[in-house]
Each structure stands twice: as C-alpha cells, then as structure tokens.
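Just so it is clear, the values below take in all heavy atoms, side chains as well, and ignore hydrogens, waters and symmetry mates. These figures come from a predicted structure and were not determined experimentally. By convention in this document, chain letters (A, B, ...) are assigned in the order of the sequence lines, proteins followed by strands, and residues within each chain are numbered from 1.
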Amino acid sequence: MSTGKQNYWLFKSEPYIYSIDDLKRDGKTHWEGVRNYQARNFMRDDMRKGDLILYYHSNADPPGVIGIARVAKEAYPDHLSWDNKSNYFDPKSSKENPRWVMVDVEFVEKFDRLIPLAELKRHPDLKEMMVVKPGMRLSIQPVEEKHFKIVHDLGTS
DNA sequence: GCCAACGTTGGC
DNA sequence: GCCAACGTTGGC
C-alpha cells in the first residue's frame with residue numbers, strides 16, 4: 001500500500017478534547033494516544049509526510065468533517081506509552097520495545113462549515129467511503145483520493 | 001445517557 | 001486457540 005505517492009486519511013478527534021481550532025492555534029501537534037492496532041499500522045506503514053487529512057469531529061453535535069490537516073512527521077515511538085503517569089500508559093510498551101507510534105500533524109485549513117456525517121451518508125458518490133459505513137469506529141481511516149476531493153469541495157465551495 | 005458494535009483480555 | 005467477559009467508541 002505504501003507506494004510513495006500521496007495518500008489521504010481521515011482522523012477523528014473529539015472537539016472538546018482537541019478540536020481543529022486547537023490545531024489551528026498550535027499549528028502542529030503530536031497525534032498521541034492511538035491505541036488501536038489497525039490505526040497504528042496505517043500510521044506506521046502507510047502514512048507519509050505531506051499526506052492530507054480530513055479532520056473529523058467525533059462525539060460532536062453534529063459529527064462531521066471540519067477541515068484539512070497534513071502529516072508533518074512520519075511515525076515515531078509514542079513516548080506516552082511508557083510514561084506511567086500518562087493516561088496513555090501501556091505496561092506492555094517500553095522504550096526498548098515500543099508498541100505504539102504517533103505522527104505529527106499540522107493545520108492546513110478550517111472549512112467554512114462543518115460537513116455533517118449525515119450529509120456524507122446522503123451523498124451518492126460517497127457511498128463507499130469508510131466513515132459512512134455502519135459500525136465504523138476506526139479513528140484513523142484511509143480515504144480514496146476521489147472521496148477526499150469531493151469532501152474538500154463540499155467544505156470550500 | 002443509552003447502547004450496539006467492536007476490539008482486547010485472559011482463563012481454560 | 002476458543003470464547004465469555006469486559007472496556008471503549010461514538011452516533012443517536
């Protein structure tokens with residue numbers, strides 16, 4: 001899957017924990033605390049610097065895509081996983097043998113409006129997009145280029 | 001706040 | 001290696 005060409009992603013974040021406005025303020029952040037193997041493998045194996053990200057607000061009212069971010073640094077060990085004072089501590093991870101990784105993400109743009117999940121579900125050309133599938137909980141998802149472009153257009157037109 | 005869907009853990 | 005119990009996610 002990692003072909004060297006640009007890939008596209010969707011990152012979920014709960015806005016009251018870390019919203020796109022937080023990312024805009026910070027400019028760049030560590031995408032910390034991913035503790036799901038599928039999501040980790042995407043970060044570790046397929047994510048490249050410059051990949052573009054649909055920034056998704058989950059557990060929001062309504063949930064949906066609110067902007068664009070970019071991969072600023074490729075996967076490296078998540079040091080919080082061996083920090084026993086962190087919420088993200090995992091006793092099975094160590095400095096010698098890290099189990100989890102994170103990437104750095106930078107702000108690109110905030111949409112003029114949030115594109116609600118319901119609107120994505122309704123869109124005839126987004127039926128195959130992962131995020132609209134029932135029961136899809138993965139917090140980091142690959143996105144097809146054509147889907148990325150459609151959602152980007154919805155957010156900026 | 002509910003709860004269905006899903007992932008992980010751990011006893012056997 | 002099965003699978004029940006448990007914890008988490010996240011839309012509603």
Quickly work out the [X] [atom1] to [N] [atom2] distance and round it to whole Å.
{"X": "Tyr56(A)", "N": "dG10(C)", "atom1": "OH", "atom2": "C1'", "result": "8 Å"}
{"X": "His57(A)", "N": "dG11(C)", "atom1": "NE2", "atom2": "C1'", "result": "16 Å"}
{"X": "Tyr16(A)", "N": "dG11(C)", "atom1": "OH", "atom2": "P", "result": "10 Å"}
{"X": "Leu138(A)", "N": "dG10(C)", "atom1": "CG", "atom2": "C1'", "result": "13 Å"}

For Lys127(A), is the NZ atom crowded, meaning more than 12 foreign heavy atoms sit under 6.0 Å from it?
yes
List for me each residue that meets salt bridge (Lys or Arg N to Asp or Glu O under 4.0 Å) alongside Lys24(A), sequence neighbours excluded, and say none if there are none.
none
Are Phe11(A) and Trp31(A) near enough that their ring centres are under 6.0 Å apart?
yes
On the nucleotide dG10(C), are OP1 or OP2 found under 4.0 Å from the side-chain N or O atoms that Lys12(A) carries?
yes
Which is more 5' along DNA chain B, the nucleotide nearest Asn59(A) or the one nearest Asp90(A)? Just name the residue.
Asn59(A)
Report whether Val105(A) and Met47(A) are members of the same hydrophobic cluster (ILVMFWY, side-chain heavy atoms less than 4.5 Å apart, transitive linking).
yes
Out of curiosity, does Leu54(A) fall in the hydrophobic cluster containing Val131(A) (side-chain heavy atoms, cut-off under 4.5 Å, transitive links)?
yes
Classify the ring geometry of His57(A) against Tyr55(A): parallel below 30°, tilted from 30° to 60°, perpendicular beyond 60°.
perpendicular
Can you check nucleotides 5-8 of chain B for protein contacts, nitrogen or oxygen pairs under 3.5 Å, and list what you find?
from   : atom 1 : to        : atom 2 : distance (Å)
dA5(B) : N3     : Arg137(A) : NH1    : 3.3
dC6(B) : O2     : Arg137(A) : NH1    : 3.1
dC6(B) : O2     : Arg137(A) : NH2    : 2.6
dG7(B) : O4'    : Arg137(A) : NH2    : 3.4

What nucleic acid atoms does Lys133(A) come within less than 4.0 Å of, heavy atoms only: base, sugar-phosphate, or nothing?
nothing
